[in-house]
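Working notes for the structure below.
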Amino acid sequence: MTSEIAPHLLAWYDRHHRSLPWRVTPDDRAAGVINDPYAVWLSEIMLQQTTVKAVKPYYERFLERWPTVKQLAGAEDEDVMRLWAGLGYYSRARNLIACARAVADDHGGRFPETAEGLSKLPGIGPYTAAAIAAIAFDESVAVVDGNVERVFTRLYSIDTPLPKAKTEIKARVSEALPKTRAGDFAQALMDLGATICTPRSPACAICPLLEDCEAGGAGNPEAFPVKPPKKVKPVRLGAAFVASRPDGSVLLVRRPDKGLLGGMRVVPTTDWTARQDGATDTDAAPFPASWEKKGQVIHVFTHFELRLNVFHALVTSDDKSAGTFDAFLDARWSDAEDLAGEALPSVMKKAITIALPEAFRPRKPGKD
DNA sequence: TACTCGTGGTT
DNA sequence: TAACCAAGAGT
């Protein structure tokens, strides 16, 4: 028998689709309006493991600053990292730059039009390649993200734990694909997952796929998808050293391109790579000064909790020891008025705020 | 396959 | 409030 999933879903999508900055409405699509592949790509990279609400302002700022992929390809690396700061998963920003330059240099400024071609570009994996191909180029491919995994494990009561279940999920999605409207189908599934088929307390009563859904019929949708048990987060200890000068400038260094917070600006810190490096005193300070402990930042990363002791020192002009920072990458003093615009990850804004409560406070223009 | 890689919002 | 979660990719 033929699956009725696509017709049911697309009819619902036509009425209930979300309105999003990077999305062309179904009506406009039907009228021939084409999605800009660059805009689709940019939004999809930002949306990886990131909520729509968090992405919106970043997406708007990026598109305004760099309206085309060629312009983004010509951007300074640090300018991109500055605009990405706060969004997390910073390897995405580094891959964003690499991908833009690959498209500009190797593809004449045009994105490949198939999932196969797209997936060869940096930062574009199986999901993103399929999403761009379907939404921007109407390729009929299965677009499987966390929403689709949830919807389809419920539709067919797939109790194989993720990620092992992905093979079966992709097969089920493929057989449900409509002959046209591949992009709308993909986005409709994601909208359904985000608004109806939610992780907890799904709204089965108003779901357009209720009559197609095994778990919905059985009344146990929350039993799916089955996920492996998660591990406990270890605690790591470290220290951050905020050095400031009388004019309010702050010493920043840059982290190596690879690894945690790669390519981002930070104040000098201990490694906090070990489970507990225990460097909570001034032994590990970048240079001798009157370091004073100001407090502790507790920041939860994906796979560990960081407890960062924050030290501050006011460095005066006659402090000769504060001149060489050979152990650090690209050390420089950031002016007080520039600090908010630096490529600082959230954990570093927290740490600097402990030492300098006024550092990121909006200041009145015209004063001082 | 399993681990690394951020952050802020919900429940 | 601790746990869970969000349009995953790279290694």
Side-chain angles (χ1 to χ4, degrees), chain A residues 17-18 20-23 39-59 81 84-96 98-99 118-136 142-151 161-167 173 183 185-195 197-202 222 225 227-234 236 255-264 266 272-273 297-306 343-350:
Chain A
H17 63 84
R18 289 178 294 175
L20 301 171
W22 46 84
R23 178 178 285 180
V40 174
W41 164 71
L42 180 62
S43 67
E44 290 298 340
I45 299 299
M46 289 183 166
L47 286 162
Q48 290 168 4
Q49 296 290 287
T50 309
T51 58
V52 166
K53 181 182 178 182
V55 164
K56 277 182 180 174
Y58 284 85
Y59 173 82
M81 304 313 284
W84 196 278
L87 197 55
Y89 285 140
Y90 298 101
S91 66
R92 292 184 296 173
R94 299 193 297 278
N95 283 330
L96 192 80
C99 183
L118 287 160
S119 63
K120 294 189 171 73
L121 293 166
I124 300 183
Y127 161 76
T128 305
I132 299 171
I135 297 170
V143 180
V144 182
D145 74 327
N147 288 302
V148 179
E149 288 172 357
R150 187 169 58 255
V151 170
L162 289 170
K164 192 177 175 67
K166 284 192 175 187
T167 304
V173 174
F185 182 70
Q187 295 179 94
L189 279 175
M190 292 187 273
D191 277 21
L192 189 77
T195 63
C197 196
T198 51
R200 281 165 290 185
S201 303
E222 288 185 286
K227 293 184 176 180
K230 52 189 54 176
K231 300 162 184 173
V232 293
K233 286 183 183 179
R236 295 183 190 174
R255 290 184 55 94
D257 280 340
K258 293 186 178 181
L260 190 70
L261 308 179
M264 299 298 284
V266 296
W272 30 281
T273 51
V297 167
I298 297 179
H299 189 80
V300 181
F301 290 101
T302 308
H303 54 293
F304 68 93
E305 174 185 315
L306 176 64
L344 292 165
S346 293
V347 62
M348 275 304 128
K349 290 196 171 184
K350 286 189 200 175

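Note on naming: letters A, B, ... go to the chains in the order of the sequence lines (proteins, then strands), and numbering restarts at 1 for each one.
Between the P atoms of B:dG6 and C:dT11, the separation comes to 14 Å (whole Å). When the C1' atom is compared between C:dT1 and B:dG8, the two are found 16 Å apart, to the nearest whole Å. Annotation: C:dA7 and B:dT4 have their P atoms spaced 23 Å apart (nearest Å). Look at the P atom in both B:dC5 and C:dA6: the space between them is 22 Å, to the nearest Å. Between the P atoms of C:dA9 and B:dG9, the separation comes to 24 Å (whole Å).
Whole-Å rounding puts the A:L344 CG to B:dG6 P distance at 14 Å. Note: CG (A:L87) to C1' (C:dG8) measures 13 Å, nearest angstrom. Counting to the nearest Å, the P atom of C:dG8 and the CE atom of A:M46 are 15 Å from each other. Put simply, NZ on A:K53 is 16 Å from P on C:dA7, counting in whole angstrom units. If you measure from atom CD1 of A:I45 to atom C1' of C:dG8, you get 9 Å, rounded to the nearest angstrom. The CZ-C1' distance, from A:R94 to B:dT4, rounds to 12 Å in whole Å. Between the C1' atom of B:dC5 and the CG atom of A:D257 lies a distance of 15 Å, rounded to the nearest Å. Distance A:E44 CD to C:dG8 P: 9 Å, rounded to the nearest Å.
Residue contacts shown for A:G259 are limited to sugar-phosphate atoms, with no base heavy atom under 4.0 Å away. Residue contacts for A:V148: at a heavy-atom cut-off of 4.0 Å it reaches no nucleic acid atom on any strand shown. Residue contacts for A:L20: at a heavy-atom cut-off of 4.0 Å it reaches a base atom on one of the strands shown. Across all strands shown, A:L261 has heavy atoms under 4.0 Å from sugar-phosphate atoms exclusively, and none from any base. Counting non-hydrogen atoms under 4.0 angstrom, A:V300 reaches a base of the nucleic acid. A:W84 comes within 4.0 angstrom of no nucleic acid atom, judged by non-hydrogen atoms across all strands.
Contact annotation: the side chain of A:T128 approaches that of A:I45 to within less than 4.5 Å [non-hydrogen atoms, C-beta and beyond].
In this view, A:Y59 and A:W22 satisfy the ring pair (Phe, Tyr, Trp, His ring centres under 6.0 Å) rule, not counting sequence neighbours. The side chain to side chain contact (heavy atoms under 4.5 Å, CB included) test applied to A:K233 returns A:V300, not counting sequence neighbours. By the salt bridge (Lys or Arg N to Asp or Glu O under 4.0 Å) test, A:K120 is found to be paired with A:E116, residues two or more places apart in sequence or in another chain being considered. Residues passing the salt bridge (Lys or Arg N to Asp or Glu O under 4.0 Å) test with A:R23 are A:D191, sequence neighbours excluded.
Residues A:K164 and A:G86 each lie close to DNA chain B; by heavy-atom proximity, the contact nearer the 5' end of the strand is made by A:K164.
Heavy atoms only, all atoms of each residue included: A:A133 and A:L118 are closest at N-CD1, 3.8 Å.
When the options A:L42, A:L87, A:T50 are evaluated for a side-chain contact (heavy atoms from CB on, under 4.5 Å) with A:Y58, the one that passes is A:L87.
Below the 3.5 angstrom threshold, one finds a donor paired with an acceptor across the side chain of A:T302 and the base of B:dG6.
Residues A:N147 and A:R150 have side chains that bring a donor and an acceptor to within less than 3.5 angstrom of each other. Looking at A:E44 and A:Y127, their side chains do bring a donor and an acceptor atom within 3.5 Å of each other.
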Using a cut-off of under 3.5 Å, enumerate the N/O to N/O pairs linking the protein to nucleotides 1-6 of chain C.
from	atom 1	to	atom 2	distance (Å)
C:dA6	OP1	A:R150	NH1	2.9

What are the atom names and distances for every N/O pair under 3.5 Å that joins the protein to nucleotides 9-11 of chain C?
from	atom 1	to	atom 2	distance (Å)
C:dA9	OP1	A:G125	N	3.0
C:dA9	OP1	A:G125	O	3.4
C:dA9	OP1	A:T128	N	2.9
C:dA9	OP1	A:T128	OG1	2.7
C:dA9	OP2	A:Y127	N	3.3
C:dG10	OP1	A:G123	N	2.4

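OP1 or OP2 of B:dG6 has not a single side-chain nitrogen or oxygen of A:H299 nearer than 4.0 Å.
Here A:F301 and A:H299 bring their ring centres to under 6.0 angstrom of each other.
In this structure, A:R94 contributes its side chain and A:G262 its backbone to a donor-acceptor pair below 3.5 Å.
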